[in-house]
Visitor: 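The following block contains the structure, expressed as structure tokens.
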Amino acid sequence: MTAPYEVAVRAEAELGEGPTWDAATGRLLWIDILGCRVHTYDPATGRRTVRRTEQHVGAVKPRAGGGLVLNLRDGVGLLDPDGGFRWLHREPVPGRRANDAAVAPDGSLWAGTMRYDEAPGGGTLSRITGDGSVEVVLDDVAVSNGTGWSPDGRLMYYIDSPTRRVDVFDHADGRLSGRRTLAEIEDGAGFPDGLTVDADGCVWVALWQGSAVRRYTPEGRLDRVIELPVPLVTACAFGGAGLSDLYITTARVGLTEPPAPAGSVFVVPGAGKGVAQPAFQG
């Protein structure tokens with residue numbers, strides 16, 4: 001099924017990523033990883049803002065007390081409501097950068113990393129709490145990417161992109177067990193990148209080099225495909241009134257002749273029903 005899409009934010013992001021709906025402000029947050037930029041977009045007014053970061057930024061999420069938490073090249077930092085910045089956890093590793101991140105039901109940040117050369121085993125997925133405590137949850141990762149939880153919080157979905165798999169874990173109190181495969185992306189269909197989970201427990205997966213977003217049921221059955229006019233589809237998230245609109249980020253990095261909307265944010269109005277995402281408790 002090909003749904004009608006629109007260009008919500010026309011942009012030329014080098015590596016647009018990480019759309020996140022900030023319910024407290026009614027804005028979409030998204031980033032350009034390699035462009036070192038944090039973007040906001042208010043669909044009610046069309047207002048946009050851009051803030052430059054000093055490092056490559058892998059993810060941005062709202063904080064419970066206001067401000068933002070950033071997954072940066074050298075660690076996790078906090079932006080206060082007044083614009084001030086401070087490190088929550090700093091751990092620079094030569095040749096490594098931050099990538100996708102997600103906030104768990106308990107308000108902790110699960111932050112991914114990867115090597116710039118995408119070497120196997122060079123990345124991690126870590127759980128960071130509001131006091132700056134850090135626990136490596138998964139190591140031996142190549143490109144830590146999409147992470148999300150079922151509506152009841154009992155399952156966690158995860159993507160290490162080169163595996164071409166969407167994996168699922170049992171989740172309880174910040175602990176994972178029972179890793180298994182929910183879905184595999186076949187050769188020629190691209191690589192799984194970011195993901196989001198809807199109110200029905202279905203998993204929406206952006207396909208890098210695949211020009212599409214797919215929805216898989218909790219049983220792993222492919223039941224919907226949204227095709228887009230750009231090859232590098234990076235991530236997706238529900239937002240807007242009623243969390244019914246699916247926002248989709250894209251990229252243009254490495255494309256010799258990128259199509260005009262590459263690097264823009266797309267939206268599919270009324271695509272489904274999202275789940276309100278928790279803010280970072282820090």
Side-chain angles (χ1 to χ4, degrees), residues 13-42 47-116 122-139 141 143-149 174 194 234-235 237 239 249 276-282:
E14 192 172 358
L15 186 50
E17 262 283 6
T20 300
W21 184 253
D22 184 351
T25 63
R27 300 183 305 176
L28 183 77
L29 308 172
W30 63 284
I31 57 168
D32 182 351
I33 294 178
L34 300 179
C36 302
R37 286 174 170 82
V38 174
H39 296 261
T40 72
Y41 166 64
D42 183 343
R47 184 172 183 268
R48 299 165 54 182
T49 69
V50 182
R51 178 181 177 122
R52 185 170 178 83
T53 59
E54 296 300 318
Q55 301 183 354
H56 290 158
V57 54
V60 58
K61 304 294 176 183
R63 294 165 58 197
L68 303 172
V69 59
L70 306 176
N71 195 25
L72 294 161
R73 184 196 66 199
D74 290 348
V76 173
L78 301 177
L79 272 178
D80 292 328
D82 63 5
F85 174 84
R86 55 197 163 96
W87 288 103
L88 178 65
H89 170 73
R90 191 168 185 271
E91 187 184 359
V93 176
R96 193 180 77 175
R97 71 165 174 86
N99 209 44
D100 206 352
V103 179
D106 66 359
S108 60
L109 182 73
W110 293 50
T113 64
M114 58 176 284
R115 287 192 56 83
Y116 281 95
T124 60
L125 179 68
S126 297
R127 178 177 180 266
I128 298 105
T129 57
D131 63 1
S133 299
V134 178
E135 176 189 4
V136 176
V137 180
L138 296 174
D139 55 15
V141 171
V143 180
S144 186
N145 241 316
T147 306
W149 285 262
T234 58
T249 49
Q277 297 300 296
F280 177 57
Q281 297 293 320

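Residue numbers run from 1 in the order of the sequence given.
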Visitor: Can you list everything that forms a side-chain contact (heavy atoms from CB on, under 4.5 Å) with Pro62? Sequence neighbours excluded, please.
Guide: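 Thr20, Asp22, Leu29.
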
Visitor: Give me the atom names and distance for the closest heavy-atom approach of Trp87 to Val76.
Guide: CE3-O, 3.6 Å

Visitor: Please work out which of the three classes, parallel, tilted or perpendicular, describes the rings of Trp149 and Trp110, given edges at 30° and 60°.
Guide: perpendicular

Visitor: How close do Gly112 and Ser144 get, heavy atom to heavy atom, and via which atoms?
Guide: CA-OG, 3.4 Å

Visitor: Keeping the roles fixed (side chain from Thr147, backbone from Asn145), state whether a donor-acceptor pair exists under 3.5 Å.
Guide: yes

Visitor: Which residue, Leu78, Asp80, Thr53, Leu79, forms the side chain to side chain contact (heavy atoms under 4.5 Å, CB included) with Phe85?
Guide: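 It is Leu79, the one option of Leu78, Asp80, Thr53, Leu79 that forms the side chain to side chain contact (heavy atoms under 4.5 Å, CB included) with Phe85.
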
Visitor: Closest heavy-atom contact between Ala279 and Ala64?
Guide: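 The pair with the smallest heavy-atom distance is CB-N, 3.5 Å.
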
Visitor: Could you go through Leu70 and Gln55, starting from their C-alpha distance and side-chain angles, then the distance that decides it, and tell me whether this counts as side chain to side chain contact (heavy atoms under 4.5 Å, CB included)?
Guide: CA-CA 10 Å; Leu70 306 176; Gln55 301 183 354; over 6 Å; no

Visitor: Check for a donor-acceptor pair, side chain of Arg73 on one end and backbone N or O of Arg97 on the other, with a separation under 3.5 Å.
Guide: no

Visitor: For the atom pair CG (Leu138) and CZ (Arg127), what is the distance rounded to the nearest 0.5 Å?
Guide: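 The distance works out to 13.0 Å.
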
Visitor: To the closest 0.5 Å, what do you measure between NZ (Lys61) and CG (Leu68)?
Guide: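 Result: 11.0 Å between the selected atoms.
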
Visitor: CZ/Arg27 to CZ/Arg47 distance, rounded to the nearest 0.5 angstrom?
Guide: 7.5 Å

Visitor: Donor-acceptor pair, distance only, cut-off 3.5 Å: does the side chain of Thr124 make one with the backbone of Thr113?
Guide: no

Visitor: State which residues pass side-chain contact (heavy atoms from CB on, under 4.5 Å) with Glu14; sequence neighbours excluded, sorted by chain then number.
Guide: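 Checked Glu14 against side-chain contact (heavy atoms from CB on, under 4.5 Å); matches are Asp32, Leu34, Val253.
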
Visitor: Of all heavy-atom pairs between Phe280 and Gly130, which one has the smallest distance, and what is that distance?
Guide: CZ-CA, 3.9 Å

Visitor: Taking all atoms of both residues into account, what is the closest heavy-atom pair of Ala101 and Asn71, and its distance?
Guide: CB-ND2, 4.1 Å

Visitor: Closest approach of Asp42 and Gly26, non-hydrogen atoms and distance?
Guide: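 Distance-wise, the nearest heavy atoms are OD1-O, 3.7 Å.
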
Visitor: Can you confirm whether more than 12 heavy atoms, excluding those of Glu54, are under 6.0 Å from its CD atom?
Guide: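 No, not enclosed.
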
Visitor: CG/Asp100 to CD1/Ile31 distance, rounded to the nearest 0.5 angstrom?
Guide: 7.5 Å

Visitor: Let me know which of Thr249, Thr234, Val60 forms a side chain to side chain contact (heavy atoms under 4.5 Å, CB included) with Pro19.
Guide: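 Output: one option passes, namely Thr249.
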
Visitor: So how far is it from Arg37 CZ to Arg52 CZ, rounded to the nearest 0.5 Å?
Guide: 4.5 Å

Visitor: To the nearest 0.5 angstrom, please state how far the CG atom of Leu72 sits from the NE2 atom of His89.
Guide: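 It comes to 12.0 Å.
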
Visitor: Can you list every ring pair (Phe, Tyr, Trp, His ring centres under 6.0 Å) pair that touches residues 47-78, not counting sequence neighbours?
Guide: His56-Tyr116

